[in-house]
Chemist: 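Here it is, the structure, as structure tokens.
Being a predicted model, the structure only gives us computed values, none of them experimental.
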Amino acid sequence: MTTSKKKLVLIGNGMAGVRAIEHLLKLSPEGYDITIFGSEPHPNYNRIMLSSVLVGGADLQEIVINDWEWYRENNITLHTGHKITKIDSDRKKVISHLGIEADYDTLIIATGSNPFMLPLPGADKEGVIGFRDIKDCEIMMDTAKKYKKAVVIGGGLLGLEAARGLLHLGMEVHVVHIHNHLMDRQLDEAASRMLQRDLEAQGMQFLLNKHTAAIKGKRRVTGLAFTDGTEVDGDLVVMAVGIRPNIELARAAGIEVNRGIVINDFMQTSVPDIYAVGECAEHRGISYGLVAPLYEQGAVMVKHLLGVETAGYAGSVTSTKLKVSGVNVFSAGRFADAPGTRALKIQDDLAGTYKKIVIQDGKLVGAVLFGDTADGAELFASIKSGESIAGREKEILLGISSDLLGQASSGNSRLESMPDDEIICGCNGVSKGDIGDAILNKGCNTVGAIKACTKASASCGGCKPIVEGLLHLFAGDAVGEPVKEGICGCTTHTRDEIVAEITRMGLNTTKEVMNVLGWINPEGCTKCRPALNYYLGMINPEEYVDEKESRVTNERFHGNIQKDGTYSVVPRIYGGVTSPADLKRIAEVAEKYDVPMVKFTGGQRLDLLGVKKEDLPKMWADLDMPSGHAYGKTLRTVKTCVGSTFCRFGTQDAIGMGIKLEKAFEGLNAPAKVKLAVSGCPRNCAESTIKDFGVVAIDGGWELHVGGNGGIKVRETDLLCIVKTEEEVMEWSSSFLQLYRENAQWNERTAQWIERVGLDYVKKGLENPEDRLALKARIDKTLSLTTDPWKQIVETDELRKNFEQLNSAQPVQL
């Protein structure tokens, strides 16, 4: 007799809820049929790392915690872009705004929180946003391209992270704060003043003790007016003044709520079989806004669900680390001076460091570190343990001693006495027990191996010292030598080693490479699979069969996916030159398929936005134009000015040269996207000096420029050489691009590559005519094998099936 599985529904696809599901799958992989509803059109991602996306330290794909494949592998039904509008606790059913219903035996509410938007006059104007999700990041990035002044309301942790991101995007940033010092909930005034000084040196401007009276502007925001009569201009206003638990769904279902959804020590709500976890929940009067306590809640909840004996959740001591502002700050516990406490402080203005510990009844109850935060993890462990530090106060203030880094011989080691369920890596919810298991049972004897296996220290890196301590504690004399970083956490092999081994051993597939070279994760990840796919195709273009499953969604479906799940269609327009017939055809196709927006791109092309996936092959057929490859790591565009064809300043035929280059390199795969430009004179109207390869016409010849970038981190090109003929332009451009293709790391733009290897390396690799011709021959061979993907799909029934409408529960994105 078979018993059907219980049905578990999770409302919320965020960090807290999905982390609980991970824990559930680990303890009981076959225990439940799991359905997850998420309001955003994305898989589970690390919200903590959004600020890193803004400053260019990561892209949106890199902050994904569990990709689409993870849901499929674990047989989880996922509905993205669905907001649950009703919980029917009598019938045990939830209903989404799109009409999807799901029955449950157990329901977990993990709806998170919403940014608190100050109820100011003008708060509904265009350009006033919070800072909470990917959409907010996208708005900031788009705004920075058009406007120059931003104002962030809120001088706390979130506000400063938003401000640093906007500063990196090239905006002038003012931070408005109602108190007299920044991060007043995490730092004392001395540390805050040091932080402010460093941030001002980076370009931030601060308006302290300011209360906003109104948001100025008509349709769009133009600035803020304060209660003291002063004003500040701003084209974008980011409110980062706090969060509010998202409780409306629970309230409507008759579940007890206060500030958050009221839960007991096992995360149970007032309604049977309904649990709540994360920022939406309120435990003993507290709603936590940091990830570590939410992971602790989830672990207790899952054990309770499965009938595993466990102590109830008793609350959390919290710590904070400022991650992206370029300044190291740590705060934990009760750091403010108060009756009954004593404080020890060291402030070194010359070194830019500050340390403060707060002691009560012989125990460490709080700490603040600025500039040097290496001891933060150990201090936090001591605060949570409640151990006596009597007689060791100065020793702790001056720095954690070596025995406290976890040497097993120390009977008093904090790490040794730390419970196994203690969360070490707050960003990824990794406990001491997880790390111990990786070391003792999975052969992880280096920090790099632990990171690859558990994700501990893989995000902000703040827990690395304590991970090192646990490594010494568990491994003892078996600690391995530190190993170099590989291309991702799945391997210790570098790009050059992988390419060399593929060539030497004649490896032919990504699976073969992973197997032969001993991948830690035998399935690879979203970083290494696309990289291996590219390296294999670059090394052996004639025989290698491209693995479509190793490509991201944009490349699999040959269009950029938009935030609403639709796609863009960008036909090839060589050199930005088109004809009335092509324009008419594009317009007719846009009307036929109800394309909501047609936009000129920065590369002198037309972008048809908002196209349904199932319409893509039909549109490509009707257009009968080549793909513009606006979605992949390939040649994007060759931008041109009119040159000598029309311009009175033009010295050469920029249009003709641009079209020749674009037709030559059309469809070329590369480690990253590649953009070219040809300017008809040194006035540089085509922006050739911020492209990967730029050509500038001069009297009697052409300047060839390399390694430019016009993105978040602008880089002006380096002058490679000056040539006289168009044939020489083609020879040098071919050889340069092939040298880049054969030597750059995956996802490394030419700007980053040249900064890493140096211009002299490039010049040396191209100075010999024989070497240039050999490189050109190899790139010509690759180009001779390229096909137009749109045409190939249009003409192949089997490939067209991939574009048929899929069930909304199993989206294919990213």
Chemist: Do H283 side-chain atoms and I263 backbone N/O form a donor-acceptor pair below 3.5 Å?
Modeler: no
Chemist: With the side chain counted from C-beta on, respond yes when M239 and I129 share a heavy-atom pair under 4.5 Å apart, and no when they do not.
Modeler: no
Chemist: We want to know whether Y104 and D88 form a side-chain donor-acceptor pair, criterion being a heavy-atom distance below 3.5 angstrom.
Modeler: no
Chemist: Under the side chain to side chain contact (heavy atoms under 4.5 Å, CB included) rule, what do I109 and I261 come out as? Steps first, then yes or no, please.
Modeler: CA-CA 9 Å; I109 304 174; I261 302 170; 3.8 Å; yes
Chemist: Taking the side chain as every heavy atom from C-beta outward, state whether V94 and L107 have any atom pair closer than 4.5 Å.
Modeler: yes
Chemist: For H304, which residues count as a side chain to side chain contact (heavy atoms under 4.5 Å, CB included) partner, sequence neighbours excluded?
Modeler: F266, Q268, Y275
Chemist: Just by modelled atom types, is the D133 backbone N or O under 3.5 Å from a matching donor or acceptor in the D136 side chain?
Modeler: yes
Chemist: Looking at every non-hydrogen atom in both residues, tell me the closest pair between Y288 and G315 and how far apart they are.
Modeler: OH-CA, 3.4 Å
Chemist: Mind listing the closest non-hydrogen atom pair of S89 and V271 along with its distance?
Modeler: CB-CG1, 3.9 Å
Chemist: Answer whether the closest heavy-atom distance between the side chains of K432 and L470 falls below 4.5 Å.
Modeler: yes
Chemist: Would the distance check show the side chain of Y313 and the main-chain N or O of M267 forming a donor-acceptor pair, the cut-off being under 3.5 Å?
Modeler: no
Chemist: Can you tell me how far the CG atom of L10 sits from the OG1 atom of T77, to the nearest 0.5 Å?
Modeler: 12.5 Å
Chemist: Testing the basics here: between V18 and N13, what is the closest heavy-atom pair and its distance to 0.1 Å?
Modeler: CG2-OD1, 3.3 Å
Chemist: Here's one to test your reading of the geometry: is the NZ or CZ of R19 within 45 degrees of the ring axis of Y295 and under 6.0 Å from its centre?
Modeler: yes
Chemist: Output the distance between atom CD1 (I63) and atom CG (N44), rounded to the nearest 0.5 Å.
Modeler: 10.0 Å
Chemist: So T510 and W519, do their side chains get closer than 4.5 Å, heavy atoms only?
Modeler: no
Chemist: Of all the heavy-atom pairs spanning G17 and A110, show the shortest one and how long it is.
Modeler: CA-CB, 3.9 Å
Chemist: Just by distance, with hydrogens left out, do E22 and N74 show a side-chain donor and acceptor under 3.5 Å apart?
Modeler: no
Chemist: Could you check if a side-chain atom of F803 sits within less than 4.5 angstrom of a side-chain atom of E614, using non-hydrogen atoms only?
Modeler: no
Chemist: Please give me the minimum heavy-atom distance between V430 and I435, naming the atom from each residue.
Modeler: CG1-CG1, 3.8 Å
Chemist: Look only at the side chain of D434 and the backbone of S431, and say whether a donor-acceptor pair between them is shorter than 3.5 Å.
Modeler: yes
Chemist: Okay, side chain of E555, backbone of K633: is any donor-acceptor separation there less than 3.5 Å?
Modeler: yes
Chemist: State plainly whether the residues D33 and K6 are in salt-bridge range, i.e. N to O under 4.0 Å.
Modeler: no
Chemist: I'd like to know if the side chain of H493 and the backbone of L517 have a donor-acceptor N/O pair within less than 3.5 Å.
Modeler: yes
Chemist: How would you list, by chain and number, every residue that makes a side-chain hydrogen bond (donor to acceptor under 3.5 Å, both in side chains) with K548, sequence neighbours excluded?
Modeler: D546
Chemist: One pair to check against side chain to side chain contact (heavy atoms under 4.5 Å, CB included): V513 and L536. What are the steps and the verdict?
Modeler: CA-CA 9 Å; V513 173; L536 287 160; 4.1 Å; yes
Chemist: Counting only heavy atoms not in K7, do more than 12 sit closer than 6.0 Å to its NZ atom?
Modeler: no
Chemist: To the nearest 0.5 angstrom, please state how far the OG1 atom of T509 sits from the CG atom of N515.
Modeler: 9.0 Å
Chemist: Considering only NZ, NE, NH1 and NH2 on the basic side and carboxylate oxygens on the acidic side, decide whether K511 and E523 come within less than 4.0 Å.
Modeler: yes
Chemist: Distance check, rounded to the nearest 0.5 Å: T35 atom OG1 versus I76 atom CD1?
Modeler: 9.0 Å
Chemist: Are the side chains of Y71 and P43 in contact, using a 4.5 Å heavy-atom criterion?
Modeler: yes
Chemist: In terms of side-chain heavy atoms, does E282 have a donor or acceptor partner in N258 at a distance below 3.5 Å?
Modeler: yes
Chemist: Rounded to the nearest 0.5 Å, how far apart are NZ of K92 and CG of D103?
Modeler: 10.5 Å
Chemist: For E248, is there an ion pair with R251 - N to carboxylate O distance below 4.0 angstrom?
Modeler: yes
Chemist: Take R529 and E547 through the test side chain to side chain contact (heavy atoms under 4.5 Å, CB included) and record every step on the way to the result.
Modeler: CA-CA 9 Å; R529 288 196 304 266; E547 295 180 0; over 6 Å; no
Chemist: Is any side-chain heavy atom of D105 closer than 4.5 Å to a side-chain heavy atom of L8?
Modeler: no
Chemist: For I520 and T491: C-alpha separation, side-chain torsions, deciding distance, then whether side chain to side chain contact (heavy atoms under 4.5 Å, CB included) applies.
Modeler: CA-CA 6 Å; I520 298 169; T491 178; 6.0 Å; no
Chemist: So, for T80 and E40, which heavy atoms are closest and what is the spacing to 0.1 Å?
Modeler: CB-O, 3.5 Å
Chemist: Working to the nearest 0.5 angstrom, can you tell me the gap between K801 NZ and I793 CD1?
Modeler: 14.5 Å
Chemist: Just say parallel, tilted or perpendicular for the rings of H42 and Y45, cut-offs at 30° and 60°.
Modeler: perpendicular
Chemist: May I ask you to decide if I450's main-chain N or O and T454's side chain share a donor-acceptor pair within less than 3.5 Å?
Modeler: yes
Chemist: Is a side-chain N or O of S96 found less than 3.5 angstrom from the main chain of I84, in a donor-acceptor match?
Modeler: no
Chemist: Classify the ring geometry of W746 against Y534: parallel below 30°, tilted from 30° to 60°, perpendicular beyond 60°.
Modeler: tilted
Chemist: Are H558 and Y631 close enough that a side-chain donor and a side-chain acceptor fall under 3.5 Å?
Modeler: yes
Chemist: Check whether S331 reaches the backbone of Q186 with its side chain - one donor and one acceptor, N or O, closer than 3.5 Å.
Modeler: yes
Chemist: Could you tell me if the side chain of L471 sits less than 4.5 Å from the side chain of I439, heavy atoms only?
Modeler: yes
Chemist: Checking S113 now: which residues fulfil side chain to side chain contact (heavy atoms under 4.5 Å, CB included) with it, not counting sequence neighbours?
Modeler: R132, I243, E279
Chemist: With a 3.5 Å distance limit and no angle check, can you tell me whether D67 reaches the backbone of W70 through a side-chain donor-acceptor pair?
Modeler: yes
Chemist: Using the rule given for side-chain hydrogen bond (donor to acceptor under 3.5 Å, both in side chains), can you reason through E387 versus S382, listing the C-alpha separation, both sets of side-chain angles and the distance that settles it, and then say yes or no?
Modeler: CA-CA 6 Å; E387 66 179 358; S382 179; 3.2 Å; yes
